[in-house]
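Just the heavy atoms: all of them, side chains too, but no hydrogens, waters or symmetry mates, feed the values below. Index from 1, following the sequence.
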Amino acid sequence: MNAPLNIAMPAEASAAPKTYRLLINGKQVDARDGRTIARKSPGHGFTVSHYAQAGEAEVEAAVQAAHKAFETGPWPRMKASERAAILFRAADLIETRLEDIARLDALESGKPIAQARGEIGGAVDIWRYAASLARTLHGESYANLGDAMLGVVVREPIGVVSIITPWNFPFLIVSQKLPFALAAGCTAVVKPSEMTSASTFVLGDILLEAGLPAGVVNILAGLGADVGAPMVNHPLVEMVSFTGSTRVGKMTMASAAQSLKKVSMELGGKNGQIVFPDADLEAAADAAVFGGFFNAGECCNAGSRLIVHKAIADDFLSAVKALTAKVKVGDPLDEQTKVGAMISSDHLAKVTDYVTAAASEGSNVYSGGKQLASNAGQYLDPTIMRGVTEDMAIAREEVFGPVLSVLTFESIEKALHIANNTPYGLSAGVWSANIDTCMSVARGVRSGTVWVNTFMEGYPELPFGGYKQSGLGRELGKRAVEDYTEEKTIQFHRGQRTGWWVG
Ligand code: NAD
């Protein structure tokens with residue numbers, strides 16, 4: 001039995017929790033009924049933050065503010081160069097406050113501080129990319145329609161966008177949406193997860209400081225049913241950009257369909273890494289551990305299925321197990337930590353239930369499998385399950401915890417069959433030195449991203465999104481700003497009317 005994890009209490013534990021107020025029409029306000037949500041650090045157990053808890057009245061006020069800012073405010077009307085300047089300023093301010101934001105995300109979500117810094121640095125890069133794209137937005141012209149006609153297709157901002165985000169990458173995910181919506185000239189109402197709202201409120205302060213006009217971005221903390229649902233249903237909202245579970249994504253899409261809103265959906269994943277015998281097995285083993293346990297497996301892109309060729313399975317898995325034993329699990333604020341706390345005790349129980357069910361169905365716990373004893377917070381030992389078969393829930397459903405399910409194959413066809421045998425299609429990885437093998441897998445896997453001899457890298461230039469039930473639409477990439485626009489066709493006729501109808 002290992003000694004319990006010793007979690008040190010940070011300075012924040014003995015200070016009063018910070019209160020974050022809603023951002024509506026450029027002002028910080030309390031909820032009308034005075035309700036608040038308290039957020040405890042899942043890694044330490046003390047209350048880090050209180051957020052004003054919005055309800056329908058605040059959704060109404062926020063949407064009205066965003067609508068007014070869109071209909072009559074300067075933001076959609078200003079030059080793209082002016083919008084870009086404000087977005088660049090926001091990026092600089094995020095960079096200046098990187099440490100504070102990273103610490104908030106680490107405290108509220110339980111993720112390791114060093115990783116959180118990387119995410120905020122990545123977000124800065126995305127804000128800069130979106131700012132530069134603002135000036136590339138353009139339409140088309142058609143001068144080939146005869147002498148009397150000039151056809152022009154212009155792109156206009158779509159309007160008010162509702163942005164709803166999950167808890168696993170609080171600052172990074174809002175940064176995959178909001179700067180692109182703003183670059184297009186849209187206005188927005190943003191709802192972060194009720195468990196990790198603080199860093200999004202800091203972003204609100206930053207945007208105002210950067211010069212964003214009042215009402216362009218409004219931020220509401222609150223529950224999905226009280227705040228998210230009315231943000232989706234509101235008739236003045238034109239588009240919903242949602243990242244979260246496939247279950248809530250489906251409900252959101254059904255609600256948005258009632259008023260035919262455009263939707264962008266980034267949902268769950270059940271991603272496989274396929275390892276062939278000719279791969280650089282040392283690198284593949286490291287990536288298997290990274291893919292399985294990064295962000296405690298609470299990651300849409302987690303490589304939660306390790307699909308290994310039978311000929312190398314025993315040796316490869318013992319290398320993966322040895323590396324797993326070296327992964328430092330514990331205090332999110334410890335610089336050496338690689339796997340922090342689980343987001344909530346309910347979620348931890350859900351993850352261990354998957355492990356128990358899989359073990360009772362005939363797979364075996366090769367490593368980990370248990371909650372770790374600790375003086376504070378909730379932690380799960382990185383877990384490897386061997387003998388998993390395709391029909392088990394653990395092989396098909398998104399577990400969203402540090403659990404690696406191992407399946408084996410002997411032919412490339414079988415590897416592809418396993419990889420595709422899930423309702424999800426977010427991402428996949430292939431490890432082989434043979435270009436034909438890599439290409440066959442890259443083309444054969446039904447997923448939005450395939451990593452070849454690497455795993456879970458991301459660049460703002462590259463579109464990201466899912467096949468099948470992992471989502472709809474793409475974020476990032478050069479077309480990300482276009483996603484927040486409508487196309488308008490304008491036909492200019494010159495000279496005498498042609499083709500008289502009545503005469
Ligand atoms: P979730 O679906 O429970 O919640 C996501 C957001 O939706 C939260 O802000 C929540 O309050 C809100 N919500 C809940 N009910 C709602 C309703 N009825 N109407 C409108 N909004 C509602 O997801 P989660 O547990 O916060 O996040 C984990 C999930 O997110 C995982 O499935 C993960 O794969 C997915 N995710 C996907 C991506 C991606 O890019 N594909 C990235 C990160 C996370």
Self-check item: Backbone N/O of Pro170 and side chain of Ser199: donor-acceptor pair under 3.5 Å
Solution: no

Practice problem: Verify, without hydrogens or angle tests, whether Arg39 (side chain) and Met195 (backbone) share a donor-acceptor contact under 3.5 angstrom. | Solution: yes

Quiz item: Pairs in or reaching into residues 123-136: which pass salt bridge (charged side-chain N to carboxylate O under 4.0 Å, His left out), with residues at least two apart or in two chains?
Solution: Asp92-Arg128, Glu95-Arg128

Quiz prompt | Flag side-chain contact, heavy atom, 4.5 Å: Val59 against Leu220 | solution = yes

Quiz prompt | Side-chain donor or acceptor of Asp105 paired with backbone N/O of Ala102 under 3.5 Å | solution = no

Quiz item: Do any N or O atoms from the side chain of Glu390 and from the backbone of Asn421 form a donor-acceptor pair under 3.5 angstrom?
Solution: no

Quiz item: Does Tyr51 use its side chain to pair, donor to acceptor, with the backbone of Ser197 at less than 3.5 Å?
Solution: yes

Quiz item: Shortest non-hydrogen contact from Cys300 to Asn168?
Solution: N-ND2, 3.9 Å

Practice problem: Would you list the pairs meeting ring pair (Phe, Tyr, Trp, His ring centres under 6.0 Å) in which at least one residue belongs to residues 162-213, sequence neighbours left out? | Solution: Trp167-His347, Trp167-Phe400

Exercise. Kindly write out the residues that satisfy side chain to side chain donor-acceptor pair (under 3.5 Å) with Glu487, not counting sequence neighbours, or none if the list is empty.
Key: Arg155

Quiz item: Counting distance only, does the side-chain N/O of Arg32 pair as donor-acceptor with the main-chain N or O of Glu58 below 3.5 Å?
Solution: no

Quiz prompt | With Ser175 via side chain to side chain donor-acceptor pair (under 3.5 Å) - residues at least two apart | solution = Trp127

Quiz item: About how many Å separate CG of Leu416 and NZ of Lys414, when rounded to the nearest 0.5 Å?
Solution: 11.5 Å

Quiz item: With sequence neighbours left out, which residue pairs that include part of residues 256-272 fulfil the salt bridge (charged side-chain N to carboxylate O under 4.0 Å, His left out) condition?
Solution: Lys262-Asp483

Practice problem: Check for a donor-acceptor pair, side chain of Asn25 on one end and backbone N or O of Ala65 on the other, with a separation under 3.5 Å. | Solution: no

Quiz prompt | Residues that Glu397 engages under salt bridge (charged side-chain N to carboxylate O under 4.0 Å, His left out), provided they are two or more places apart | solution = none

Exercise. For Tyr424, check side chain to side chain donor-acceptor pair (under 3.5 Å) against everything at least two apart and list the hits.
Key: none

Quiz item: Any side-chain heavy atom of Val237 sitting closer than 4.5 Å to one from Val189?
Solution: no

Practice problem: Please name all residues satisfying salt bridge (charged side-chain N to carboxylate O under 4.0 Å, His left out) with Glu82, sequence neighbours left out, ordered by chain then number. | Solution: none

Quiz item: Can any side-chain N or O of Asn420 pair as donor or acceptor with the backbone N or O of Gly444 at less than 3.5 Å?
Solution: yes

Exercise. Apply salt bridge (charged side-chain N to carboxylate O under 4.0 Å, His left out) to Arg103 and list each qualifying residue two or more places apart in sequence or on a separate chain.
Key: Glu12

Practice problem: Only pairs at least two apart or in different chains count here, so list each side chain to side chain donor-acceptor pair (under 3.5 Å) that has a residue in residues 432-442. | Solution: Asp278-Ser432

Self-check item: Beyond-backbone contact of Leu104 with Val202, side-chain heavy atoms, under 4.5 angstrom
Solution: yes

Quiz prompt | Pairs satisfying ring pair (Phe, Tyr, Trp, His ring centres under 6.0 Å), at least one member in residues 66-92, at least two apart | solution = none

Quiz item: Have Trp451 and Glu457 got a donor and an acceptor in their side chains that come within less than 3.5 Å?
Solution: no

Quiz prompt | Qualifying residues under salt bridge (charged side-chain N to carboxylate O under 4.0 Å, His left out), relative to Lys111, sequence neighbours excluded | solution = Glu119

Quiz item: Under 3.5 Å, is there a donor-acceptor pair between the side chain of Tyr129 and the main chain of Lys478?
Solution: yes

Exercise. Would you check if Leu150 and Leu145 make a side-chain contact, meaning some heavy-atom pair closer than 4.5 Å?
Key: no

Quiz item: So does Arg247 pair up with Glu398, basic N to acidic O under 4.0 Å?
Solution: no

Quiz item: To the nearest 0.5 Å, what is the distance between CG (Leu426) and CG (Leu267)?
Solution: 9.0 Å

Quiz item: Quick one: CD on Glu475 to OG1 on Thr243, what's the gap to the nearest 0.5 Å?
Solution: 5.0 Å

Self-check item: Polar side-chain atom of Asn233 near backbone of Ala229 as donor-acceptor pair, under 3.5 Å
Solution: yes

